[in-house]
Every structure is written in C-alpha cells, then in structure tokens.
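What follows is a short report on a single structure.
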Amino acid sequence: MTPTHTTDGRASRVLVLNSGSSSVKYQLLDMRDRSRLATGLVERIGEETSRLVHTPSAGGGAPRERTGRIADHEQALKAAAEELAADGLGLDSPELAAIGHRVVHGGLRFSEPTVITDEVLQEIERLVPVAPLHNPANITGIRTAQALRPDLPQVAVFDTAFHTTMPEHAARYAIDVETADAHRIRRYGFHGTSHAYVSRRTAELLGRPVADVNVIVLHLGNGASASAVAGGRCVETSMGLTPLEGLVMGTRSGDVDPAVTFHLKRVAGMSVDEIDDLLNKRSGLVGLCGDNDMREIRRRVEEGDERAALAFDVYVHRLRKYIGAYSAVLGRVDAVVFTAGVGENSAPVREAAIAGLEGFGLAVDPDRNAVRSGEPRLISPDDARVAVAVVPTDEELEIAGQTFALVHN
C-alpha cells in the first residue's frame, strides 16, 4: 500500500523536479489555481560553462541567468533554491506541500505516484539496468532534494506508470519466458505523464467522459511515442523495454529488425556500445539527413533537399503505420491527437501524417491546421467521423497534480 502524508491546509505549492544526467529542470506551481509561480533550467552541470536560467511567472518577471561552473546536482538545486528565494518563493516556505520528481522507469511495481521511502528508492535503484541513462540521474535529484528538505514529502511520478494497464499480450515480447522474467524484459512504455494528461484533456475537449473516449496520442518531440488509450487506460504504446523502440525520433531509430545489431557486430565489427550509440544518438532524423530539428528539415525540404525529404517521408510513414495499427487495436477511435514540440507546432507533419487515412474517418482542415495556438483545439472538419486534435502537453502540471493529490489524500 502506498504511504501517504497529510500537509498543512495552507500548503498548496508543489516543486516539480526533472533531473537529467547533466541538467535539472524545475517548476514551482500553486495547486489552488494550477498556476506557475516560477520555472527554471540548470544545464551543463559539472562543466565550466554551466548555466541557470530562472523565470519568475508572477508579474511577468524577466528571466534571470547565471553562468559559471555548477559542480553537481546539489549545487544546482541550491542555486535554484536561491533564485526561488529571491522571488519570495523559498523552499523553506510553509506553503510548500511537497516535491514531485519525474522518475523515468518504475517497472511493474509502481503504477501510481508514490511517496519516496528508503524502500522505494532502493527499488528505483534496482531498475537502473533497464534505465541506465535516466534512473541514476533521477535518484541523484531525489537524494539532493531530500537533503535540502528532509521533512517534506518527496513523491515519485513514473513515466512508465500510465502504461502498466497494458494487457499482458501487448506488454510481452515473444521470447523465452524464463529469460524475459529473469531480466525484466518486457514492454514498459515511456512519456506516460504526457499520454495521461493529453488523453484526459482530449476527452474534455470533446465534451465527453474519459471512460467513453478512445484516443490515439502522438507525443512528437525529439523523443517520440504513440499510445492507444481506451477509456482512460493505456492498452498499447510504441516504446518498449527502453525509449528506443517505436516511432522515428530526433536521434533514435525507433523500430529496426533486431538482427541489424548482430549484422553490425559480425560484418562491421562494431562493439555493443558502438551499436548502442548508433541507434540512440546517430539515427532517426539526424541519421537520415543530419538534422533533428523539424523546422530545419522542413526548410530544406522546401528548398528541394532530397535527403531531408526522405527523412520527412520516413518519419511520417512510421506515424501513419502506427495510427493504422492502433486503430485496429482500439476497434473504435474517437480522436487522434498531436502533442509535444513537433506535434503541437508542425502543421506539415500533422497534415502529412493524416493524409491518405480518409478510410479511417480521418481528415485535417487546412485552415484549422495552420492556426498556431497554445490552446487545445480541433483541426479536423466539422463533419469528420474521427476528431483530429492538437492538445499541448503539460507534464509538469500532471506531475504536480498527482503529487498534490497524493499528499492531501
């Protein structure tokens, strides 16, 4: 059973931390009105060129920047705390209810937000082999925040949690069961906080109960994933054991024949680490055309660049394939929704991904699709059988909401 904490009735603020290997993103939110009080980013931790950018949200304050070496995550969080204190939002405030941490991998054990105890932290550490790039950094952020505020509830919100509702036939790989179980090999999925938030907001946009809506969510950023959500529960998602599987991404290949790795080792003499680097950092859009910024790729396409055009076509083809597959998985689709950096901002990607899917009841209205807005909106014609929508994601608000709900239970 998940332990809970009760906080002072005045406490309504949640600090959200997203700790990467060399960065810390943070947001302070007031859950009384779900407003942002401040946001910030500390990047290049451990380098001489470390940088902190802090933006107070109240009163339209201008961003503040400090540069110079920030040695580690402890210094990074202390620097962030100093910036918050300068705005009267210090971490010692009695209004701070909890700190919510994004944790990438929660395995099968963690299917909901969880107050962090020693036992929980040990389990997150045990999952490091299946998330070697992410969980160690998340753990560092947690320990640092615990040292700064040992009295405050610290909550882990897991990227994988939303996908734990996948049925076993969707989560299993068709490999020897004993081997798979011994090494925790199965499909976990990622970007779960985004898929949870966007699927729920899509139901609100349609004016229907979440339980009545089937949605295909396309989270398209530098990392990209798709999910099939039936009545608020994930039944299929594109990322697997790691965030490498699935859609074409900025630098990640997405789906490849597993034998490609054997071929590269045997024929090209590449090591396991070199193949890992190839598929995660030198593939996807950057591998196809040298760019992973969709804006630059579209500029090159319009100038007649053939490599950029091929990269765009491969990217969109994979999207259409997943839309078709997830339509079959769901049986009935009420909406296809685009979110994250590319999904929210690239009208050409949205148009191309839906083109040719009229048989699925999908269409895009060109004028609606061309509109740039930070609000959830429909971009399909009024008479479309299936809605096509753009819903900006808000993973930090989702983490804050889950954290606040838990500590006030």
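We count residues from 1, following the sequence as given.
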Can you check whether [X] reaches [Y] side chain to side chain, under 4.5 Å on heavy atoms?
{"X": "H101", "Y": "V155", "answer": "no"}
{"X": "D334", "Y": "V215", "answer": "no"}
{"X": "V390", "Y": "T339", "answer": "no"}
{"X": "L247", "Y": "R252", "answer": "no"}
{"X": "V235", "Y": "V329", "answer": "yes"}
{"X": "T251", "Y": "R282", "answer": "no"}

Legend entry - Steps toward salt bridge (Lys or Arg N to Asp or Glu O under 4.0 Å) verdict (E123, R184): CA-CA 13 Å; E123 181 62 21; R184 304 190 189 205; 3.4 Å; yes
Inset, instruction - For ring-ring contact (aromatic ring centres under 6.0 Å, His included), just list the numbers for H219 and F338, CA-CA rounded to whole Å, side-chain angles, deciding distance to a tenth of an Å, and then say yes or no. - result: CA-CA 6 Å; H219 176 108; F338 293 86; over 10 Å; no
Spatial distance of atom [atom1] ([X]) from atom [atom2] ([Y]) [nearest 0.5 Å]:
{"X": "T39", "Y": "L28", "atom1": "OG1", "atom2": "CG", "answer": "10.0 Å"}
{"X": "D365", "Y": "I354", "atom1": "CG", "atom2": "CD1", "answer": "13.0 Å"}
{"X": "L285", "Y": "R307", "atom1": "CG", "atom2": "CZ", "answer": "11.5 Å"}
{"X": "S35", "Y": "L29", "atom1": "OG", "atom2": "CG", "answer": "7.0 Å"}

Inset, instruction - Measure centre to centre between the rings of H163 and Y188, then say whether the value is under 6.0 Å. - result: no
Inset, instruction - Run the numbers on E43 and K25 for salt bridge (Lys or Arg N to Asp or Glu O under 4.0 Å), then give the verdict. - result: CA-CA 8 Å; E43 58 185 350; K25 297 177 185 177; over 6 Å; no
Inset, instruction - Quick one: do T160 and V103 satisfy side chain to side chain contact (heavy atoms under 4.5 Å, CB included)? Show the steps, please. - result: CA-CA 9 Å; T160 50; V103 178; over 6 Å; no
Legend entry - Inter- and intrachain pairs under ring-ring contact (aromatic ring centres under 6.0 Å, His included), touching residues 11-57, at least two apart: Y26-H54
Inset, instruction - Kindly state each residue pair satisfying ring-ring contact (aromatic ring centres under 6.0 Å, His included) with at least one member in residues 109-140, sequence neighbours excluded. - result: F110-F158
Legend entry - Non-neighbouring partners of A71 that pass side chain to side chain contact (heavy atoms under 4.5 Å, CB included), sequence neighbours left out: R69, Q75
Inset, instruction - Given side-chain hydrogen bond (donor to acceptor under 3.5 Å, both in side chains), test T67 with R51 step by step and report yes or no. - result: CA-CA 4 Å; T67 57; R51 184 175 76 126; over 6 Å; no
Legend entry - R186 to Y173 six-membered ring, cation-pi geometry met (6.0 Å, 45°): no
Legend entry - Minimum heavy-atom distance L362-V336, with the two atoms named: CD2-CG2, 3.7 Å
In terms of heavy-atom contacts, does [atom1] of [X] have more than 12 from other residues, nucleotides or ligands at under 6.0 Å?
{"X": "R66", "atom1": "CZ", "result": "yes"}
{"X": "E119", "atom1": "CD", "result": "no"}
{"X": "E375", "atom1": "CD", "result": "no"}

Side chains of [X] and [Y], donor plus acceptor under 3.5 Å:
{"X": "D30", "Y": "S12", "result": "yes"}
{"X": "S194", "Y": "T393", "result": "yes"}
{"X": "D273", "Y": "S271", "result": "no"}

Inset, instruction - Check the pair E95 / R32 against salt bridge (Lys or Arg N to Asp or Glu O under 4.0 Å), numbers first and verdict last. - result: CA-CA 11 Å; E95 294 188 54; R32 287 175 297 190; 3.7 Å; yes
